[in-house]
Amino acid sequence: MTSPDALVRVATARGVTTLTLDSPHNRNALSTPLMTQLLAGLADAVADDAVRAIVLDHTGPVFCSGADLKETAAAYASGTVPAGMLGDVLVAVRECPKPVVAKVAGPARAGGLGLIAAADLAVCAQEATFAFTEVRIGVIPAVISATVLPRLGQRAAAELYLTGDTFDGRRAAEIGLVTAAVPADELDAAVERYCASLVKGAPGALAGAKELLRRPAGPDLPAEISELAALSTGYFLSDEGREGVMAFREKRPAAWVPAED
């Protein structure tokens, strides 16, 4: 059971764990306690074989305002800042073997955009707003660039990083920051559709597909094709591959698909 004073709420149903940022008093800022709890929630979801996909949700009107600047200011005396922990969070989300879906109903700023970009899929309300505000407070979007820049074209990245201007959900979808932007009243249904599709995938195959998506293109195409062909053969000969082929032939759900309630 989630603690009453938790900053990240955890709920699991039909193979999907939802991790809800629940710190609306500071607009779900990425404080050390919140990031610590988020890392723990991700680790628990990965360790649970019944969990097939993870949703990052939020309470309050703001998805995430970025770094906790109050905590940062208090840390100046020690010569360190808590923003460094954000890297651990981005790695955990990006390299999670299970699909991660960001559900964005409201504004996201700075580090919050890194979290969205780290997710495999991201769905936002068209009315949600976004901005890389770092330069306006004298810093740069350094850590989040690891997840953000692979999503964006160079022109869009330069415009938004350098101006710090605000843009809406439609623009976020156009430039690849999010997968889709939908009317606010359709957001829940859109995320549920994605999750319903994700839980139909075999766990091992989903993890393998995520590795393919992170794989850099090799300089030697014939060698790369040969390596990928061997990888494909291994999946077809795996227990999951055999079960998937048989289920398709027998016109039944595969063994890994969660049962209907």
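Not measured: the values here are computed from a predicted model. Along the sequence shown, residues carry numbers from 1.
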Would you find a donor on one side and an acceptor on the other, under 3.5 Å apart, between the side chain of Trp256 and the backbone of Lys200?
yes
Measure the CD-OG distance between Glu134 and Ser145 for me, rounded to the nearest 0.5 Å.
8.0 Å
Answer whether the closest heavy-atom distance between the side chains of Glu159 and Asp165 falls below 4.5 Å.
no
Between Lys103 and Asp188, is there a salt bridge with N-O shorter than 4.0 Å?
yes
Arg109-Thr129 side chain donor-acceptor pair, cut-off 3.5 Å
yes
Flag yes if more than 12 heavy atoms outside Arg214 fall under 6.0 Å of its CZ atom; otherwise flag no.
yes
Taken to the nearest 0.5 Å, the spacing of Leu21 CG from Cys64 SG works out to 6.5 Å
Between the side chain of His58 and the main-chain N/O of Gly60, is any donor-acceptor distance below 3.5 Å?
yes
Is it the case that the side chain of Thr17 and the backbone of Ile54 share a donor-acceptor pair, with hydrogens and angles ignored and the cut-off at 3.5 Å?
no
Considering only heavy atoms from C-beta outward, does the side chain of Cys195 approach that of Arg52 to under 4.5 Å?
no
Please tell me if the side chains of Val104 and Val123 come closer than 4.5 Å, counting only heavy atoms from C-beta onward.
no
To the nearest 0.5 Å, what is the distance between CZ on Arg171 and CG on Asp168?
9.0 Å
Does the Asn28 side chain pair with the main chain of Ser23, one donor and one acceptor, at a distance under 3.5 Å?
yes
Less than 4.5 Å apart, any side-chain heavy atom of Leu121 and any of Leu198?
yes
Test item: Thr133 side-chain N/O and Arg136 main-chain N/O as donor-acceptor pair under 3.5 Å:
no
Would you say that more than 12 heavy atoms from the other residues, nucleotides or ligands in this model lie under 6.0 Å from the CD1 of Ile140, or not?
no
Answer yes if Leu206 and Val199 sit in the same cluster of Ile, Leu, Val, Met, Phe, Trp and Tyr residues linked by side chain heavy atoms under 4.5 Å apart, and no otherwise.
no
Take atom CG in Asp185; do more than 12 heavy atoms of anything else shown fall under 6.0 Å from it?
yes
Would Glu192 and Arg14 count as a salt bridge (charged side-chain N to carboxylate O under 4.0 Å, His left out) if you check the C-alpha gap in whole Å, the side-chain angles of each, and the deciding distance to 0.1 Å?
CA-CA 11 Å; Glu192 288 171 5; Arg14 294 203 65 244; over 6 Å; no
Run Arg252 and Glu243 through salt bridge (charged side-chain N to carboxylate O under 4.0 Å, His left out) and show every step you take.
CA-CA 11 Å; Arg252 60 173 174 80; Glu243 163 61 11; 2.8 Å; yes
Pick from Arg151, Lys98, Lys210: which one makes a salt bridge (charged side-chain N to carboxylate O under 4.0 Å, His left out) with Asp120?
Lys210
Just by distance, do the side chain of Gln126 and the backbone of Arg170 share a donor-acceptor pair under 3.5 Å?
no
Check for a donor-acceptor pair, side chain of Glu240 on one end and backbone N or O of Gly204 on the other, with a separation under 3.5 Å.
yes
Ignoring hydrogens and angles, tell me if any N or O in the side chain of Ser226 forms a donor-acceptor pair with the backbone of Ala223 under 3.5 Å.
no
Does any part of the side chain of Phe130, heavy atoms only, come nearer than 4.5 Å to the side chain of Cys124, both counted from C-beta?
yes
Within 6.0 Å of CD in Gln154, more than 12 heavy atoms from elsewhere
no
Would you call the rings of Tyr161 and Phe132 parallel, tilted or perpendicular, where under 30° means parallel and over 60° means perpendicular?
tilted
After noting the C-alpha distance and the side-chain angles of Thr32 and Glu71, does the key distance pass the side chain to side chain contact (heavy atoms under 4.5 Å, CB included) rule?
CA-CA 8 Å; Thr32 296; Glu71 182 183 35; 2.9 Å; yes
Check against side chain to side chain contact (heavy atoms under 4.5 Å, CB included), Leu231 and Leu212
CA-CA 10 Å; Leu231 183 63; Leu212 282 179; 4.1 Å; yes
Flag, side chain of Ser238 to backbone of Gly241, donor-acceptor distance under 3.5 Å
yes
Is there a side chain to side chain contact (heavy atoms under 4.5 Å, CB included) between Thr147 and Ile116? Walk through the geometry before answering.
CA-CA 9 Å; Thr147 59; Ile116 292 168; over 6 Å; no
Can you confirm whether more than 12 heavy atoms, excluding those of Asp220, are under 6.0 Å from its CG atom?
yes
Roughly how far apart are Leu42 CG and Glu95 CD, rounded to 0.5 Å?
12.5 Å
Look up atom CG in Leu38 and atom OG in Ser31, then write down how far apart they are to the nearest 0.5 Å.
10.5 Å
Shortest non-hydrogen contact between Ala254 and Ala247, atoms and distance
CA-CB, 3.7 Å
Please answer: with hydrophobic residues joined when any side-chain heavy atoms are less than 4.5 Å apart, are Met85 and Leu30 in the same cluster?
yes
Return the OH to CZ distance between Tyr235 and Arg242, rounded to the nearest 0.5 Å.
15.0 Å
When you compare the side chain of Thr18 with that of Thr12, does any pair of heavy atoms fall below 4.5 Å?
no
Stepwise side chain to side chain contact (heavy atoms under 4.5 Å, CB included) test for Leu86 and Ile144
CA-CA 8 Å; Leu86 176 58; Ile144 67 170; 3.7 Å; yes
Going through the checks in order, is the salt bridge (charged side-chain N to carboxylate O under 4.0 Å, His left out) test met by Arg215 and Glu224?
CA-CA 11 Å; Arg215 180 190 177 101; Glu224 184 179 14; 3.7 Å; yes
So, do Leu7 and Asp22 sit near enough that their side-chain heavy atoms are less than 4.5 Å apart?
no
Leu19 and Asp57, any side-chain heavy atoms less than 4.5 Å apart
no
